[in-house]
Number of protein chains: 2
Amino acid sequence: MLINELAKRTGLSVHTIRFYERYGFVKGTRNEAARNNYFHYDEEAVQRLELVADAKSVGFTLQEIAELLDAWYGNTYTKSQKRQIMLGKILVLDARIKELRDMKRQLQKCMEEL
Amino acid sequence: MLINELAKRTGLSVHTIRFYERYGFVKGTRNEAARNNYFHYDEEAVQRLELVADAKSVGFTLQEIAELLDAWYGNTYTKSQKRQIMLGKILVLDARIKELRDMKRQLQKCMEEL
DNA sequence: GTCAACCATAGACTATACTCTACTGTTGAC
DNA sequence: GTCAACAGTAGAGTATAGTCTATGGTTGAC
């Protein structure tokens with residue numbers, strides 16, 4: 001698919017996808033035979049961008065997401081390193097969940113005392 | 001206390017506190033008798049800034065924090081409006097907790113499949 | 001009385017994450 | 001063959017949340 005379809009599939013804007021391309025979140029392939037220089041994207045591109053969206057919504061920075069994508073799909077890390085990275089992210093999430101729960105408790109207490 | 005002590009008590013920098021002052025997160029009082037124009041802060045200022053830090057760590061924007069502080073300490077809203085605001089924030093937190101748990105589950109699944 | 005440490009205001013600078021504009025080339029329906 | 005819709009690159013602009021610099025006045029220990 002071309003970038004426009006990828007945008008529709010992921011709900012991201014074409015601009016944002018191009019921006020993410022600079023981070024290496026997705027990269028299309030060019031058809032040598034064609035005389036245009038359009039990039040083509042596959043299903044993995046959709047999945048990668050969905051992961052980006054999910055990771056962003058839980059507060060990971062684009063830097064962290066780059067690392068996560070590499071651990072998830074890439075081959076720069078060994079299996080053991082990948083597990084380490086994933087585990088690290090899980091611990092961050094646990095800490096964040098705790099903060100959210102604490103804040104919720106504070107809000108509930110404040111409401112009761114009103 | 002003066003701003004320097006407030007910074008030490010809250011762990012925020014003096015710069016950040018001054019920046020937050022523009023948002024109305026804290027405001028000091030001036031001593032008319034004194035010939036300086038130093039601002040003095042009370043214990044509520046410490047509490048307010050601690051709430052700001054907590055709210056920030058769970059992902060609220062400064063705009064949202066301004067509203068929360070008003071609902072918490074201010075008198076621009078009625079009790080019923082305050083409860084509405086608090087409840088709104090709690091629902092946001094619930095949604096965010098769910099996202100975090102989903103992401104955690106995804107990461108765990110990915111780790112197992114490695 | 002002087003010097004470091006503090007106070008205030010105003011405004012410039014930075015990082016992150018987009019978002020948009022300008023410009024140019026390609027494709028496909030009519 | 002032309003025109004809207006889409007493709008690409010480069011770079012400017014925006015929003016949020018700080019962070020720092022410049023400048024000048026104040027305080028208190030010595």
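Every chain is numbered from 1, with letters handed out A, B, ... down the list of sequences. Remember, it's a predicted structure, so these values are computed and weren't measured experimentally.
- In this structure, the CD atom of B/E64 is 9 Å from the P atom of D/dA17, given to the nearest Å.
- From B/N31, atom CG reaches atom CZ of B/F39 across 12.0 Å, with rounding to the nearest 0.5 Å.
- Closest to the B/N36 side chain, of the nucleotides D/dT26, D/dA17, D/dC6, is D/dT26.
- Residue contacts shown for B/S13 are absent, as no nucleic acid heavy atom lies under 4.0 Å away.
- The side-chain heavy atoms of A/E67 and A/Q63, taken from C-beta on, include no pair separated by under 4.5 Å.
- The A/R22 side chain lies nearest to D/dG11 when the options are D/dG11, D/dT9, D/dT27.
- The side chain of B/Y20 places an N or O atom within less than 4.0 Å of a non-bridging phosphate oxygen (OP1 or OP2) of D/dG18.
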Dump the intermediate steps for side chain to side chain contact (heavy atoms under 4.5 Å, CB included) on B/L100 and B/K104, then the final yes or no.
CA-CA 6 Å; B/L100 282 156; B/K104 185 180 169 183; over 6 Å; no

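- One atom, CZ of B/F60, and another, C1' of D/dT16, lie 17 Å apart when rounded to the nearest Å.
- The distance from atom CG of B/L49 to atom P of D/dG18 is 11 Å, rounded to the nearest whole Å.
- Taking atom OH of A/Y38 as the reference point, atom P of D/dT9 lies 12 Å away to the nearest angstrom.
- Distance CD/A/E99 to NZ/B/K56: 11.0 Å, rounded to 0.5 Å.
- Rounded to a whole Å, the CG atom of B/L2 is 11 Å from the C1' atom of D/dT26.
- Remark: P of D/dA7 and CZ of A/R35 are 16 Å apart, rounded to the nearest angstrom.
- Residues that satisfy the side chain to side chain donor-acceptor pair (under 3.5 Å) test with B/Q106, not counting sequence neighbours, are A/D54.
- The structure places CD of B/E43 at 4.5 Å from CE of B/M1, a figure rounded to the nearest 0.5 Å.
- Residue-to-nucleotide proximity on DNA chain C shows that, of A/A34 and A/F19, the 5′-proximal contact is made by A/F19.
- Straight-line distance from the CG atom of A/L62 to the C1' atom of D/dT16: 14 Å, rounded to whole Å.
- For B/Y23 against D/dG18, no side-chain N or O and base N or O form a donor-acceptor pair under 3.5 Å.
- Taking every nucleotide of DNA chain C with any atom under 4.0 Å from a non-hydrogen atom of chain A, the first and last of them, 5' to 3', are C/dA17 to C/dT27.
- When the P atom of D/dT16 is taken as reference, atom NZ of B/K56 falls 13 Å away, rounded to whole Å.
- Put simply, CG on A/N37 and CD on A/E32 are 10.5 Å apart, with the number rounded to the nearest 0.5 Å.
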